[in-house]
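Taking it in order: structure first as structure tokens, then the write-up.
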Amino acid sequence: TTTTSLIASIFQNTKIDPTIINGGIINSINNIIIGTINNSFLPSDINFVIKLVMAIKPIITEPNKILRQKSIEVESVGKEEQKLMDDMLDTMYDANGIGLAAIQIGVPKRIIVMDIAKNEEKRSPLYFVNPVIKNKNSELSTYEEGCLSVPNYFAEIDRPKKCDVEYLDYNGEKKILNAEGLLATCIQHEMDHLEGVLFIDYLSKLKKTMIIKKLSKQKEKPDRIIV
């Protein structure tokens, strides 16, 4: 009964499909309950349950041909697309990012998620399906940009200070957003992903080549610890 109640509390008010419950998750929750009483639960049990609930996906990093694909439009927003956006958001939060495009987890759909809120307790996620920039301001702003697909590298990039974006939201409703500042920069950065473009493409050929070479070497040494 205790396990059933705990499972219900985990899945209540979430978008997680309760059909994923199986013997593994029940055993892990049981271990957490017993461990809490005896002060001896295993962190692996907690991590197992969290991973199941959050559905964190691996992020593809440069160099990889997938990142250079042009994403395709979504015909309609249904449960499959909403589940994808949920997984993308969980993946983004887990990686301490503020934006993520579907192609970064290997799905070539024109979908991006963002959250530029600095306070974790007051998250403000944004979902964009088939986003299209309608207007761009001629005035530019400069931000230091990084990318979850280009780990540990940053560069100052100039982009239009303001832009108007037309898109479908999480529920498939058409919306228009007037963005400026960091929000505008983030939207343009993520929308570049939908065209197979990375922020390093705005750098000089020499700088871009050096970054890709270093990323390639890191991939050749998977056990290397980066701090």
- Considering residues, nucleotides and ligands other than E195, do more than 12 of their heavy atoms fall under 6.0 Å from its CD? yes
- Could K57 and D94 be called an ion pair, given the rule that one side-chain N must be under 4.0 Å from one carboxylate O? no
- Item | Interatomic distance, M92 atom CE to I59 atom CD1 [nearest 0.5 angstrom] | 10.0 Å
- Calculate, to the nearest 0.5 Å, the distance between atoms CD1 and CZ belonging to I211 and F199 respectively. 6.0 Å
- Item | Electrostatic pair K134-D164, nearest N-O below 4.0 angstrom | no
- Taking atom CD of E75 as the centre, does the number of heavy atoms from other residues, nucleotides or ligands within less than 6.0 Å exceed 12? no
- Message: Strictly distance-based, threshold 3.5 Å: is any side-chain N or O of E190 a donor or acceptor partner for the main-chain N or O of I187?
- Response: no
- Query: So do the side chains of E166 and P131 get within less than 4.5 Å of each other, counting heavy atoms only?
  - Reply: no
- Are D192 and Y202 side-chain neighbours, meaning at least one heavy-atom pair lies under 4.5 Å? yes
- Scanning both residues in full, the closest heavy-atom pair of A101 with L194 reads CB-CD2, 4.3 Å
- Query: So, do L215 and V150 sit near enough that their side-chain heavy atoms are less than 4.5 Å apart?
  - Reply: yes
- Does the side-chain contact (heavy atoms from CB on, under 4.5 Å) test come out yes or no for C163 and N137, once each step is laid out? CA-CA 6 Å; C163 65; N137 194 290; over 6 Å; no
- Among I111, L168, L84, whose side chain to side chain contact (heavy atoms under 4.5 Å, CB included) with V74 holds? I111
- Query: Rounded to the nearest 0.5 Å, what separation is found between the CD atom of Q82 and the OH atom of Y170?
  - Reply: 4.5 Å
- List the steps and the verdict of side-chain contact (heavy atoms from CB on, under 4.5 Å) for I98 and C186. CA-CA 8 Å; I98 61 173; C186 190; 4.1 Å; yes
- Task: Quick one: closest heavy-atom pair of E81 and V77, and the distance?
- Result: OE1-C, 3.9 Å
- Task: Would you name the heavy atoms of Q218 and Y153 that are closest together and state the gap between them?
- Result: NE2-OH, 4.2 Å
- Would you mind reporting whether I103 and Q69 have side-chain heavy atoms less than 4.5 Å apart? yes
- Query: Do C147 and H193 have side chains that get closer than 4.5 Å, going by heavy atoms?
  - Reply: yes
- Tell me, please, whether Y143 has R159 positioned over its six-membered ring: NZ or CZ under 6.0 Å from the ring centre and within 45 degrees of its axis? no
- Query: Taking 4.0 angstrom as the limit, do K161 and E180 come out as a salt bridge?
  - Reply: no
- Does the pair D86 and Y127 meet the rule for a side chain to side chain donor-acceptor pair (under 3.5 Å), with working shown? CA-CA 9 Å; D86 292 339; Y127 308 88; 4.7 Å; no
- Heavy-atom closest pair, residues L89 and P125: CD2-CB, 3.5 Å
- Stepwise side-chain contact (heavy atoms from CB on, under 4.5 Å) test for K109 and V129: CA-CA 9 Å; K109 292 185 177 182; V129 180; over 6 Å; no
- Message: Please say yes or no: joined through hydrophobic side-chain contacts below 4.5 Å, possibly via intermediate residues, are I66 and I72 part of one cluster?
- Response: no
- Would you find a donor on one side and an acceptor on the other, under 3.5 Å apart, between the side chain of R110 and the backbone of S71? yes
- Query: Taking a hydrophobic cluster as the set of Ile, Leu, Val, Met, Phe, Trp and Tyr residues connected by side-chain heavy atoms closer than 4.5 Å, whether directly or through intermediates, do L177 and L182 fall within one such cluster?
  - Reply: yes
- Query: Can you check side-chain contact (heavy atoms from CB on, under 4.5 Å) on I105 and I60, steps first, answer last?
  - Reply: CA-CA 6 Å; I105 59 171; I60 298 171; over 6 Å; no
- Message: When you compare the side chain of M85 with that of V113, does any pair of heavy atoms fall below 4.5 Å?
- Response: yes
- If you measure from the Lys or Arg side-chain nitrogens to the Asp or Glu carboxylate oxygens, is any gap between R68 and E62 under 4.0 Å? yes
- Please answer: with hydrophobic residues joined when any side-chain heavy atoms are less than 4.5 Å apart, are M191 and L126 in the same cluster? yes
- Query: Are I133 and F128 co-members of a hydrophobic cluster defined by side-chain heavy atoms under 4.5 Å apart?
  - Reply: yes
- Single-linkage hydrophobic cluster I112~V107, side-chain heavy atoms < 4.5 angstrom: no
- Query: How about L140 and P160: do any of their side-chain heavy atoms sit closer than 4.5 Å?
  - Reply: yes
- Item | Side-chain donor or acceptor of Q188 paired with backbone N/O of A184 under 3.5 Å | yes
- Task: Check for a donor-acceptor pair, side chain of D115 on one end and backbone N or O of S124 on the other, with a separation under 3.5 Å.
- Result: yes
- Message: Can you tell me how far apart CD1 (I212) and NZ (K208) are? Round to the nearest 0.5 Å.
- Response: 5.0 Å
- Does some side-chain heavy atom of I157 sit less than 4.5 Å from a side-chain heavy atom of L203? yes
